[in-house]
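Presented below is the structure to which this report refers.
Protein chains get the first letters and strands the later ones, always in sequence-line order, with residue 1 at the start of each.
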Protein chains: 2
Amino acid sequence: MKTAACTVAKGRPREFDVEEALAAALRIFWTKGYEGASLTDLTEAMGVTRPSLYAAFGNKESLFCKALELYEREKLCYIGRALDAPTARGVAEALLRGALERQRDSSDPKGCMGVINSVACGAEAESIREEVLKRGESAKRAIVARFERAKAEGDLPDHVDPEGLTGYLIALLQGIALQGGAGATCADLERLVQTSLSMWPAR
Amino acid sequence: MKTAACTVAKGRPREFDVEEALAAALRIFWTKGYEGASLTDLTEAMGVTRPSLYAAFGNKESLFCKALELYEREKLCYIGRALDAPTARGVAEALLRGALERQRDSSDPKGCMGVINSVACGAEAESIREEVLKRGESAKRAIVARFERAKAEGDLPDHVDPEGLTGYLIALLQGIALQGGAGATCADLERLVQTSLSMWPAR
DNA sequence: AGGGTTATATACCGGTCGTTATGAAAACCG
DNA sequence: CGGTTTTCATAACGACCGGTATATAACCCT
């Protein structure tokens with residue numbers, strides 16, 4: 001009933017930090033993908049034995065979902081902020097630069113956790129794929145809504161299609177993550193972003 | 001020494017068509033990725049037993065490489081044709097429309113074989129990943145060269161960066177494949193392409 | 001017909017996968 | 001101190017992985 005208000009804990013205390021272990025698991029899923037990440041990879045990176053992992057996180061799938069939440073919360077927060085930009089062009093620029101900055105951060109794995117895990121692999125990962133796609137879809141809807149608002153505000157010409165513009169922008173973001181994960185240099189990605197911005201109409 | 005000029009064959013003839021079996025294998029790798037495709041998946045789709053597969057194709061990795069060659073030869077031929085377009089804009093339009101058409105073909109799997117297998121999975125697939133990336137890189141260089149030619153011909157303004165423009169265009173192509181593989185409708189992708197074309201400067 | 005050669009079919013190999021049963025260890029309570 | 005509860009460590013489970021040993025069947029040649 002209570003919200004588990006930390007009642008001093010009864011049994012033997014756990015010897016690892018759940019949040020740290022989750023961050024370690026995220027790095028593994030991020031670099032190897034859901035199916036490519038074995039439990040051995042995960043437990044070694046997390047510094048935790050198998051039974052402890054299952055006791056703390058349920059199973060591999062729910063561990064992945066918790067790691068995905070952490071990823072969105074910590075690594076994709078620039079998306080929400082980008083939508084607050086005053087103009088449509090500002091939104092696009094903030095998204096592109098945010099994606100670029102993510103690839104530039106040398107302390108994190110390359111590529112995008114979402115992109116990596118949205119491509120089909122084995123059949124067992126279908127529910128994972130759907131979970132990832134669901135979140136991507138909701139992000140897309142938020143951008144579409146933002147561009148529709150921009151259109152209503154006269155910030156975008158009447159002839160533009162918010163859906164099309166969103167798909168276009170997301171394609172660029174996906175391309176940045178993909179090329180970053182494929183080993184493109186920072187200079188490559190900066191050129192990509194620069195070119196993208198030079199293409200945007202209201203320069 | 002000879003180019004294996006079909007010397008009537010000596011032993012028991014094989015009971016399956018190598019090219020057909022390879023096409024079936026391609027579909028599996030295309031939908032499931034290299035690691036997601038098990039030998040059971042492959043042999044069932046190809047209608048071939050395991051020893052026959054190994055006798056005809058070597059092992060899983062070399063089977064994948066042969067399937068990748070088939071993929072490029074039959075499904076990515078639009079890229080080479082696109083580079084023959086007279087203008088840079090014509091090249092971009094042919095590439096975008098070619099990628100769109102590939103996703104529209106309902107008889108083939110969605111997504112792009114190259115994109116699917118270039119994202120990191122297990123460590124065993126590293127050589128596969130490198131092979132795929134190598135081919136992508138050579139395609140990129142061909143597009144860069146084409147845009148440099150366009151610039152020399154006065155077809156592109158002096159201030160454009162061929163590398164940046166190529167990365168930008170490839171990002172769009174990757175986005176099309178990714179969104180197509182993620183379940184986007186044909187209408188979605190058409191809007192994406194339409195928007196991309198409307199962005200291209202020399203309308 | 002019979003040897004040589006190549007493809008087929010069945011069954012199996014060691015290894016790894018995700019998951020869990022078992023029992024000891026460490027904290028709390030009384 | 002014993003009793004309870006939770007975590008830790010070891011080891012094992014069945015299922016599947018990529019790859020192969022073995023034996024049989026179908027073709028050519030002489």
Would you mind reading off the distance between B:Phe29 atom CZ and D:dG18 atom C1', rounded to a whole angstrom? 12 Å

I'd like to know if the side chain of A:Asp155 and the backbone of A:Lys151 have a donor-acceptor N/O pair within less than 3.5 Å. no

With a non-hydrogen cut-off below 4.0 angstrom, is B:Pro51 in contact with a base, only sugar-phosphate, or nothing? base

Nearest to side-chain heavy atoms of B:Leu39, which nucleotide of C:dC17, C:dT8, D:dG18: D:dG18

Nearest-Å distance for atom pair CG/P, residues A:Leu53 and C:dT20: 12 Å

Could you give the CG-to-P distance, from B:Leu42 to D:dC16, as a whole number of Å? 16 Å

Of the listed nucleotides (D:dC8, C:dT8, D:dC17), which one gets closest to any side-chain atom of B:Ser38? D:dC17

If you pin B:Pro13 and B:Tyr34 to their nearest nucleotides in DNA chain D, which one's is more 5'? B:Tyr34

Under 3.5 Å, is there a donor-acceptor pair between the A:Thr49 and A:Ser52 side chains? yes

Can you tell me if A:Gln174 and B:Gln179 form a side-chain donor-acceptor pair at under 3.5 Å? yes

Mapping B:Ser52 and A:Gly58 to their closest nucleotides on DNA chain C, which lands nearer the 5' end? B:Ser52

Taking 4.0 Å as the cut-off, does a side-chain nitrogen or oxygen of B:Thr49 come that near to OP1 or OP2 on C:dT10? no

Rounded to whole angstroms, how far apart are CD on A:Glu15 and P on C:dA26? 8 Å

Report which part of the nucleic acid A:Glu124 touches: base, sugar-phosphate, or nothing (heavy-atom distance under 4.0 Å, all strands). nothing

On the nucleotide D:dT6, are OP1 or OP2 found under 4.0 Å from the side-chain N or O atoms that A:Lys10 carries? no

Looking only at non-hydrogen atoms, find the nearest pair between A:Ala37 and A:Lys32 and report the distance. N-CB, 3.9 Å

Rounded to the nearest Å, what distance is computed from the CZ atom of residue A:Phe57 to the P atom of nucleotide C:dT19? 14 Å

Return the minimal non-hydrogen interatomic distance between A:Ala85 and A:Arg146, and the atom names on each side. O-NH2, 2.7 Å

Whole angstrom value for the distance that separates P of D:dC16 from NZ of B:Lys60: 16 Å

Roughly how many Å is it from CZ in A:Phe16 to C1' in D:dT7, rounded to a whole number? 9 Å

Any B:Arg12 side-chain nitrogen or oxygen under 4.0 Å from OP1 or OP2 of D:dA25: no

Quickly work out the A:Arg50 CZ to C:dT22 C1' distance and round it to whole Å. 16 Å

Consider the side chain of B:Tyr54, meaning its heavy atoms from C-beta on, and name the nucleotide among D:dG18, D:dT7, C:dT19 that approaches it most closely. D:dG18

What nucleotide among D:dC8, D:dG19, C:dC17 has an atom nearest to a side-chain atom of A:Arg14? D:dC8

